[in-house]
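Following: one structure in structure tokens, then a few remarks.
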Amino acid sequence: MAQKSESEAHPDPETEGPTPVAPESLSAEAAAAELERLAGIINTANDAYHQDDAPVMSDASFDALKARNAAIEARFPDLKRADSPSEQVGAAPAEGFGKVRHAVRMLSLANAFDAEDITDFDGRIRRYLNLSEDAALAYTSEPKIDGLSLSLRYESGRLVQAATRGDGSEGENVTANARTIADIPHHISDAPEVLEVRGEVYMSHADFEALNARQAERGGKTFANPRNAAAGSLRQLDAEITRARPLCFFAYAWGEVSEPLADTQWGAIERLAEMGFRTNPLTRRCDGPQALIGHYAEIEQQRATLDYDIDGVVYKVDDLALQGRLGFRSTTPRWAIAHKFPAELAWTRLDAIDIQVGRTGALSPVARLSPVTVGGVVVSNATLHNEDYIAGLDNNGAPIREGRDIRIGDWVQVYRAGDVIPKIKDVDLARRPEDSAAYSFPETCPECGSDAIREPGDSVRRCSGGMACPAQAIEKLKHFVGRTAFDIDGLGAKQIEMFFTAGEITSPAEIFTLEARNVDLKLQERDGFGETSVAKLFAAINERRTIPLERFLFALGIRHVGQTTARTLAATYLTLDALLAALKAAVADPEGEAYAELEGIDGIGPTVVRELLEFMAEAHNRTVLDDLLAQLREVEPFDAPAQDSPVAGKTVVFTGTLEAMTRDEAKARAESLGARVSGSVSKKTDILVAGPGAGSKAKKAAELGITTLTEQEWLELIGGG
DNA sequence: GTGCCTCGAGTTCC
DNA sequence: CTCGAGGCAC
């Protein structure tokens with residue numbers, strides 16, 4: 001069973017006392033006593049976790065205790081107790097919740113904070129769609145519920161799966177729990193064959209108060225706010241506990257559908273209501289930014305009278321065909337925005353300023369605060385961004401906070417940006433201690449002592465120690481094993497720090513030799529590890545000896561090569577061999593074709609090229625790379641989105657004036673069909689789409705004998721206008 | 001050169 | 001989630 005890891009720190013019973021005697025050296029008498037002790041601890045922990053949602057120990061300790069119990073039982077089978085924890089089958093599935101891949105990604109929303117942001121939003125959409133300022137453009141507007149989003153999948157009208165948002169691509173399977181929520185129908189009629197309904201799970205104020213009163217009465221853990229209560233309740237491993245918690249659900253969107261629900265957002269929501277979903281009664285249709293802002297004011301006024309938390313108002317383009325044309329940016333749809341309410345503020349004292357060193361060597365100041373509640377959460381740290389922010393200047397040297405600097409000992413006003421990240425808004429000069437001094441930002445790395453240098457025009461100061469700086473080395477390794485890179489289960493920040501400090505993992509390749517070295521390392525005998533967790537760790541590591549090219553590239557942690565750029569490179573060169581060959585050729589000959597090709601890739605400019613080549617030119621990096629590759633089975637070639645469109649895999653260049661669509665739209669459309677869009681014509685170009693006014697690119701394409709299409713021909717090729 | 005838009009890298013608490 | 005800056009169109 002997986003214990004909840006999101007609990008506060010608890011003392012670990014396992015590590016408190018003297019080191020336990022190894023099972024094989026226990027006498028029968030001692031073993032019996034030990035089994036009794038373990039049964040008590042484990043069963044109590046189990047109950048605390050399940051019935052009270054208040055874990056008393058960490059995952060690792062819990063697993064270690066269970067493993068110890070099992071080891072002793074294996075040696076003394078006769079001593080196995082009736083209440084043995086190893087017999088507790090009814091408790092929960094071993095792995096917690098299963099993972100679910102969303103057929104259509106669950107995205108987040110861009111945020112707006114004032115009226116100007118809303119008129120900008122409207123303006124951006126009009127520009128993208130090539131609509132004039134006075135053309136009609138309707139939106140829907142609805143309160144943004146502060147709960148957690150859930151995706152419900154119906155097949156033939158039957159609820160078959162419920163999943164949390166997770167990282168947007170992959171969530172947790174909470175089907176059994178969702179079925180216990182009264183607002184969620186188990187069957188719907190008159191629905192498409194496949195329908196994913198999306199909405200928000202929340203807890204009403206009244207139910208939240210009642211639940212907390214009940215919890216307090218039983219001496220259980222109370223929740224800080226309704227959102228946490230809803231999240232905690234939905235993520236119960238035992239659905240019967242969820243059933244006892246009064247959760248509600250509003251439907252407001254959809255994922256995969258086998259046939260369109262309607263022509264408009266409004267119509268689709270009406271349709272969901274007809275099917276039996278609760279939809280928010282405050283939803284309105286608005287004919288422009290002014291109406292949206294009006295509705296926002298109305299909802300803000302009603303906020304206090306609502307029986308649920310809301311943190312803003314969401315606006316969506318009503319016409320679904322237009323939504324389709326607008327499409328998505330990397331994490332948000334272009335056709336929607338969340339207009340957030342002003343953040344809650346709180347005053348507290350700044351006790352200290354610590355400096356953290358990131359994987360690129362960036363020195364980031366962090367404020368240590370006297371704990372204070374902001375928006376229902378206790379905050380004790382806040383980011384201070386950089387040197388200038390502390391001094392009261394923005395990146396152009398212009399004053400912010402009217403130039404008031406931030407000092408240790410100051411009373412500061414804290415808020416949670418986007419209701420998440422704690423930040424400091426202002427300082428109270430009247431309460432500033434008389435002996436305070438302006439903060440002086442360190443000019444050497446606090447971790448390794450190397451000079452910390454701030455390049456002219458740059459806002460961050462960076463440690464110049466490179467891989468000789470332990471902080472940078474550790475952060476790079478953490479990045480490597482992170483969820484979006486190699487994603488190695490059981491090898492988190494804590495373990496990386498431990499292995500690095502012990503000198504056991506100092507480079508990526510050494511992760512993969514861990515198992516072979518375990519003869520000497522004997523991880524299973526260490527605190528926090530057991531036979532089972534060590535076996536799991538090795539299995540997780542071995543699983544990643546095969547890795548997709550884009551993840552591999554991203555994991556290397558080359559500056560300016562994030563997930564998107566890594567993907568772009570993977571999509572361009574398809575295999576690691578091709579990419580490495582191109583990079584080596586470009587290093588060898590900066591005048592050559594390989595170099596030109598690299599710079600020609602859309603989205604990759606001189607800075608990224610420079611970083612890539614510097615990485616390849618560095619002997620140390622090549623060694624790290626070769627050592628790592630020697631440990632891997634395969635770096636999988638880029639798997640182009642399985643598209644059978646006529647332009648899939650083709651490289652397309654747009655030039656001249658486009659009439660039916662804007663350039664952005666054309667690019668997004670082509671990419672969604674599996675094409676690569678480049679900015680310049682080269683030998684690799686397959687199709688040039690030339691509008692009126694095309695110049696040098698059309699000429700070059702003609703010289704190279706590249707297919708040139710008019711915009712109309714292009715639209716016919718991809719099927720539809 | 002200027003002004004978007006997007007991406008990368010930093011951050012917190014659960 | 002936000003800020004700074006890279007990339008690109010105008």
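Below, chain A is the first sequence line, B the second, and so on; all start at residue 1.
Within 4.0 Å (heavy atoms only), A:Leu109 reaches sugar-phosphate atoms of the nucleic acid but no base atom.
Here A:Lys423 does not reach the OP1 or OP2 of B:dT12: none of its side-chain N or O atoms lies under 4.0 Å away.
Each of B:dG10, C:dC8, B:dT12 was ranked by its minimum atom distance to the side chain of A:Thr360; first place goes to B:dG10. Listed nucleotides: B:dC14, C:dC1, B:dA9. Nearest to the side chain of A:Arg359: B:dA9. Distance from the side chain of A:Asp602 is smallest for C:dC8 among the nucleotides B:dC7, C:dC8, B:dA9. Side-chain proximity of A:Val366 to the nucleotides B:dC13, B:dT11, B:dA9 is greatest for B:dT11. Taking only side-chain atoms of A:Val379, from C-beta outward, the nucleotide of C:dC1, B:dC5, B:dC13 with the closest atom is B:dC13. Distance from the side chain of A:Pro422 is smallest for B:dC13 among the nucleotides C:dT2, B:dC13, B:dG10. Candidate nucleotides B:dC4, B:dT11, C:dT2 were compared by shortest atom distance to the side chain of A:Gln356, and B:dT11 ranks first.
Here A:Glu402 pairs with A:Arg404 under the salt bridge (charged side-chain N to carboxylate O under 4.0 Å, His left out) rule; sequence neighbours left out.
Place A:Ala566 and A:Pro365 on DNA chain B by their nearest nucleotides, and A:Ala566 ends up nearer the 5' end.
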Taking only N/O atoms, report every protein-nucleotides 4-6 of chain C pair under 3.5 Å with atom names and distance.
unit_1 : atom_1 : unit_2   : atom_2 : d
C:dG4  : O3'    : A:Ser459 : OG     : 3.1
C:dA5  : OP1    : A:Asp458 : OD1    : 2.9
C:dA5  : OP1    : A:Ser459 : N      : 3.3

